[in-house]
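So the structure is just underneath, and the comments pick up after that.
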Amino acid sequence: MNNQNTVLEKIVSLAKRKGFVFQSSEIYGGLNGCWDYGPLGVELLKNIKEEWWKSMTYREDIEGLDASILMHKRVWEASGHVDNFSDPMIDCKQCKARFRVDTLGDAINEKKKGKFIKALKEKVEGTDNNTALEKVFDIYSELDERFEAIVEHEELSKELLALVNCPNCGTAGEFTEPRSFNLMFKTFVGPVESTDNTVFLRPETAQGIFVNFSNVQGASRQKLPFGIAQIGKAFRNEINTRNFLFRTREFEQMEMQYFVQPKDDKKHYDIWKDKRMQWYKDLGMTPDKLRFHDHPEDKLAHYAKEATDVEYEFPFGWGEIEGIHNRTDFDLQRHEEFSGKSQKYFDDEIKEKYIPYIIETSAGASRSFMAFLVDAYHEEEVKGEQRVVLRFHPKLAPIKIAIFPLVNKDGMPEAARNIEADLRQNFRVFYDAKGAVGRRYRRQDEAGTPYCVTVDTQTLEDNTVTVRERDSMEQVRINIDELKVYFLEKLA
RNA sequence: GCGGGAAUAGCUCAGUGGUAGAGCGUCACGUUGCCAACGUGAAUGUCGCGGGUUCAAAUCCCGUUUCCCGCUCCA
């Protein structure tokens, strides 16, 4: 574990040194959980988003969208974020201690938990809550799990809290009502601050897609099944940020919502699940470090019928980089209800009107960035010297080709500059003439540049150059006239 | 949010009360002949920030911010 943390620290350090990621507002002491993408980082991020965009929208059945970050307040009431997207807290009125409701159980021992649950069972006997409690008992056999499930249940939680003694002072029945600490960032439309003009910074891009379902369908004349894709920033006022780019308060999502006939939901869910996993593998991510984590039925979010995470094994452990959910008709149903505008789709084939089911693929651009960066990082020994190399897939590499004169004289720089000018029309290239060529190669290794072109004496005689490949460090001689075609093929 | 650790040059770090340091990197000049070569020179620090103690603080004390770790949580 210690060793693995060191790896992450090295990557954070490299990321700063080479210009991938800087801490936000660093000269002012930094801002918790916010990071800036530097010259190489912005290229890598842009390439990731571009690959995603191509794979998602360069097809007949998916349309693009770029919705506003600020949306009507009612959107978040309909989505459930105003009510659910929060961590309820309670205070003990007696001793003023504060507890998060969902972690209250940690402060209470087994024996007492048993006592409280028994008391609760007697209390709800014969009421609606009894059914709910029985369901909890069916799903869980462990005491801790039962307690946790009760606490997470809106109604049962209230009943239980009235019975529980404060873990701090022992007083029973003195807890406040659970209060929500909403994780959405709030701001105001217009210069005057008042509750009337409160808006939220979107905590997910998905709702921008849902509320535009009819617009996009009408404008694009798409028929079900079809999807809407969007890349954009989202904001969550996380209690804790942690692990570099993994949990940040401002992050970027790459989401595609696929609208399907309800009866086909399982089919499309499975298709997208496979397709999304393959995307990471196709871009070179180590297959052994990727897995699915299926959500157990009782842990599903309020909107989901089926859900899985694509997880990557980071130095700190497995972490989600994408969520694939069957959101059912929950979102459109709710928007229909809250807006009063029909969200139904008339299906010509079956002559039926229905609210589509939605299969969501929601990838974290920032998290993918981190996963691709961590996965690319390699340290190796070359002739007794350590080499640090970022083995990015050529499509993701911030710089595609570096061009060097072997030495900075005898007509070599001029020849190299000509090559640079020519290749720059098609590729992101970098010219460097300073110092020994070996050092320049290693510098490019640290930036993840897949190819280096070097002009030498022979170039001036027969118009050929060496092309050095990053991972193998092997060199081939190529005629300058064939370079562009060579790279178009290699980098396509 | 709780508990633990850390913060000194771009990076890694040394410096336990008395002039701010090293290695690497960066830049310049010279040299160069394919994998972090060499020589000479240079730039870079309110020692995270704010208070306090002291004749004197990078060093001791208090607060705070940020990062890392363990819980917790999550896209």
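Just so it is clear: chains get the letters A, B, ... in the order the sequence lines come, proteins before strands, and each one is counted from 1.
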Q. Between the base of B:C11 and the side chain of A:Ser13, is there any donor-acceptor pair under 3.5 Å?
A. no
Q: Scan A:Gly19 against the nucleic acid and name what it touches under 4.0 Å (heavy atoms): base, sugar-phosphate only, or nothing.
A: nothing
I'd like a table of atom pairs between the protein and nucleotides 20-30 of chain B - only N or O on both sides, under 3.5 Å - with the distance next to each one.
| unit_1 | atom_1 | unit_2 | atom_2 | d |
| --- | --- | --- | --- | --- |
| B:G25 | OP1 | A:Arg439 | NH1 | 2.7 |
| B:G25 | OP1 | A:Arg439 | NH2 | 3.4 |
| B:U26 | OP1 | A:Arg443 | NH1 | 2.0 |
| B:A28 | OP1 | A:Lys434 | NZ | 3.4 |

Q: Look at all strands and tell whether A:Glu446 reaches a base, only sugar-phosphate, or nothing, counting heavy atoms closer than 4.0 Å.
A: base
Q | Sugar-phosphate, base or nothing in reach of A:Met412, heavy atoms under 4.0 Å | A | base
Q: Tell me, please, which residues at least two apart from A:Asp422 pass side chain to side chain donor-acceptor pair (under 3.5 Å).
A: A:Lys484
**Q.** Pairing residues for A:Val260 by the side chain to side chain contact (heavy atoms under 4.5 Å, CB included) criterion, not counting sequence neighbours
**A.** A:Pro225, A:Tyr258, A:Asp265, A:His268, A:Tyr357, A:Ile359
Q) If you look at every strand shown and take non-hydrogen atoms under 4.0 Å, does A:Glu322 touch a base, only sugar-phosphate, or nothing? A) nothing
Q | Within residues 275-288 of chain A, residues whose heavy atoms come under 4.0 Å of RNA chain B | A | none
Q: Examine the side chains of A:Gln230 and A:Glu255 and answer whether a donor and an acceptor come within less than 3.5 Å of each other.
A: no
Q) For A:Tyr441, what residues pass the ring pair (Phe, Tyr, Trp, His ring centres under 6.0 Å) criterion, not counting sequence neighbours? A) A:Phe404
Q: Show your working on salt bridge (charged side-chain N to carboxylate O under 4.0 Å, His left out) between A:Glu380 and A:Arg387 and close with a plain yes or no.
A: CA-CA 5 Å; A:Glu380 49 186 49; A:Arg387 177 170 93 124; 2.8 Å; yes
(Q) Categorize A:Asp445 for me: base, sugar-phosphate, or nothing, with a 4.0 angstrom heavy-atom threshold over every strand shown. (A) nothing
(Q) Once hydrogens and angles are ignored, does a donor-acceptor distance under 3.5 Å link the base of B:C49 to the side chain of A:Tyr28? (A) no
Q) Would you call A:Arg439 and A:Asp432 a salt bridge, using N to O less than 4.0 angstrom? A) no
Q.
Closest-nucleotide mapping onto RNA chain B: is A:Gln23 or A:Ser362 further toward the 5' terminus? I mean the 5' end.
A. A:Gln23
Q: Would you indicate what A:Asp456 reaches in the nucleic acid, counting non-hydrogen atoms under 4.0 angstrom: base, sugar-phosphate, or nothing?
A: base
Q.
Under a 3.5 Å cut-off for both contacts, is B:A14 paired Watson-Crick or G-U wobble with anything, and if yes, with which nucleotide?
A. none
Q) Hey, does the side-chain of A:Arg468 have a donor or acceptor N/O within less than 3.5 Å of a partner on the base of B:C34? A) no
What's touching nucleotides 46-48 of chain B from the protein side, N or O pairs under 3.5 Å?
none

**Q.** hbond_proxy A:Glu9 side chain to B:A6 base (donor-acceptor, 3.5 Å cutoff)
**A.** no
